[in-house]
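We use all heavy atoms of the structure for the numbers below, so side chains are in, but hydrogens, waters and symmetry mates are not. Everything numeric here is computed off the predicted structure, so don't read it as measured data.
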Amino acid sequence: MVDRLVNSEANTRRIASVENCFGSSGVPLAMQGRVLVGEGVLTKMCRKRPKSRQFFLFNDILVYGNIVIGKKKYNKQHIMPLEEVSLESIADNQAYRNGWYIRTTTKSFVVFAATSTEKQEWMAHINKCVEDLLRKSGKKPVENHAAVWVPDTDASICMHCKKTQFTFIQRRHHCRNCGAVVCAGCSAKKFLLPQQSTKALRVCDACYERLKHVPSSLDSAAGGAVASGNKLNTTAGDSSNDEDSDEETASPGGESHDEPRFYGDNSVLSAADDSSTITSPSSATSAPAASSLEAPQVAPTVQSSPPAVAAAGTNC
């Protein structure tokens with residue numbers, strides 16, 4: 001599938017269109033041997049609430065960004081090397097359906113598709129690209145991945161001390177090692193997690209104590225990296241705002257979306273090869289139910305706009 005699209009004019013046009021849609025906010029994506037395998041809208045679970053994001057699957061990378069103008073303009077481009085990507089399906093529940101984990105060494109999160117069929121298509125195409133890439137490179141799958149952050153709506157009190165109530169003043173923070181939502185007092189230390197950053201990151205007290213007494217292979221590879229007991233400046237704000245500022249850009253609502261497109265499929269080649277316009281998914285949004293993770297009240301349904309989940313916090 002990929003081999004016959006490598007040097008095609010249709011693939012060249014499609015990649016150029018993706019670059020144009022990101023404009024100056026993105027980086028060049030065209031390179032020898034790179035193929036755009038598919039594209040579509042998925043709902044990404046963020047700290048505040050689920051958000052619609054435009055995803056582009058290439059044969060070597062997974063790219064996603066904020067939707068500024070559907071099919072025309074995206075920003076906050078994120079690029080994930082597929083050789084680091086691992087997927088894990090999530091069972092449906094009362095609040096969320098058609099979801100799965102996307103894990104990498106530096107960032108992990110949950111996404112949802114509009115239907116079970118779209119979920120199966122996305123996971124199958126991503127896994128196939130990962131398998132082909134690892135087979136050609138001779139590399140082994142990555143075993144250590146970044147933690148998936150617990151959504152703010154899942155924690156009204158600190159998950160470590162079980163006492164601190166989160167308020168407008170008493171802010172939530174995330175442990176970069178386990179992803180738990182903790183208070184400032186329970187995450188005042190930082191530890192070097194080489195796969196995620198060259199700088200020491202905020203971790204909860206439990207992870208700090210465990211990490212400093214059980215040196216990992218990652219620490220050895222980083223030249224004997226050790227924990228830093230320096231207190232974080234809790235008045236300056238959580239660094240999660242810097243890592244995931246795309247949460248601050250609102251996704252447009254009320255748009256209709258096309259179904260995801262996978263260009264190696266014969267069913268779409270005839271229509272897609274003559275089009276240089278990027279199409280984004282679908283006649284129904286991929287958003288999960290409009291309810292918090294703590295107390296879901298509405299069963300998931302396919303909607304025409306992203307869900308509105310009231311919660312405090314930042315990050316996507």
Connected via hydrophobic side-chain network under 4.5 Å: [X] and [Y]:
X      : Y      : value
Val150 : Tyr101 : no
Leu62  : Val111 : yes
Val142 : Ile102 : no
Trp100 : Leu82  : yes
Val148 : Met45  : yes

Applying side-chain hydrogen bond (donor to acceptor under 3.5 Å, both in side chains), name anything that partners [X], two or more places apart in sequence or on another chain.
X     : value
Lys73 : none
Glu84 : Thr105
Glu88 : Arg103

Set out, in order, the CA-CA distance, both residues' side-chain angles and the distance that settles side chain to side chain contact (heavy atoms under 4.5 Å, CB included) for Asn66 and Arg53, then state yes or no. CA-CA 5 Å; Asn66 289 14; Arg53 297 289 183 249; 3.1 Å; yes
Side-chain donor-acceptor contact under 3.5 Å, Arg34 with Asn59: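 Their side chains do not contain a donor-acceptor pair, so the 3.5 Å distance test is not met.
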If we ignore angles and hydrogens, is there a donor and acceptor under 3.5 Å between the side chains of Lys44 and Ser52?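 Side-chain D/A pair, Lys44 to Ser52: absent.
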Steps toward ring pair (Phe, Tyr, Trp, His ring centres under 6.0 Å) verdict (Phe112, Tyr96): CA-CA 8 Å; Phe112 301 92; Tyr96 298 97; 5.1 Å; yes
Evaluate the criterion ring pair (Phe, Tyr, Trp, His ring centres under 6.0 Å) for residue pair Tyr74 and Phe55; output intermediate values, then yes/no. CA-CA 10 Å; Tyr74 312 113; Phe55 280 76; over 10 Å; no
Show every donor-acceptor pair shorter than 3.5 Å between a side-chain atom in residues 20-27 and any protein atom, with sequence neighbours excluded, or say none if there are none.
residue: Asn20; atom: ND2; partner: Ala16; partner atom: O; Å: 3.2
residue: Ser25; atom: OG; partner: Phe22; partner atom: O; Å: 2.6

Which heavy atom of Gln165 sits nearest to which heavy atom of Ser156, and what is that distance?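 What the structure gives for the nearest pair is NE2-O, 3.5 Å.
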Could you check whether any side-chain heavy atom of [X] comes within less than 4.5 Å of a side-chain heavy atom of [Y], counting everything from C-beta outward?
X      : Y      : result
Ile157 : Lys163 : no
Val35  : Phe58  : no
Glu39  : Pro260 : no
Asn98  : Thr117 : no
Asn11  : Val6   : no

Test log, rule side chain to side chain contact (heavy atoms under 4.5 Å, CB included), inputs His174 and Asp152: CA-CA 9 Å; His174 275 82; Asp152 286 352; 3.3 Å; yes
What's the verdict on side chain to side chain contact (heavy atoms under 4.5 Å, CB included) for Arg49 and Thr153, showing C-alpha distance, side-chain angles and the deciding distance? CA-CA 8 Å; Arg49 56 188 177 275; Thr153 50; over 6 Å; no
Going by ring pair (Phe, Tyr, Trp, His ring centres under 6.0 Å), name the residues that satisfy it together with Phe166, two or more places apart in sequence or in a different chain.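 Scan of Phe166 (ring pair (Phe, Tyr, Trp, His ring centres under 6.0 Å), adjacent residues dropped) gives none.
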Testing Lys139, Arg135, Lys136 one by one against Glu83 for a salt bridge (charged side-chain N to carboxylate O under 4.0 Å, His left out), which residue passes?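 It is Lys139; the other options fail the test.
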Hey, is the main chain of Gly38 close enough, under 3.5 Å, to the side chain of Arg14 for a donor-acceptor pair?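 Not a single qualifying donor-acceptor pair exists.
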Which residues pass the side chain to side chain contact (heavy atoms under 4.5 Å, CB included) test with Ala180, not counting sequence neighbours?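 Met159, Cys178, Val182.
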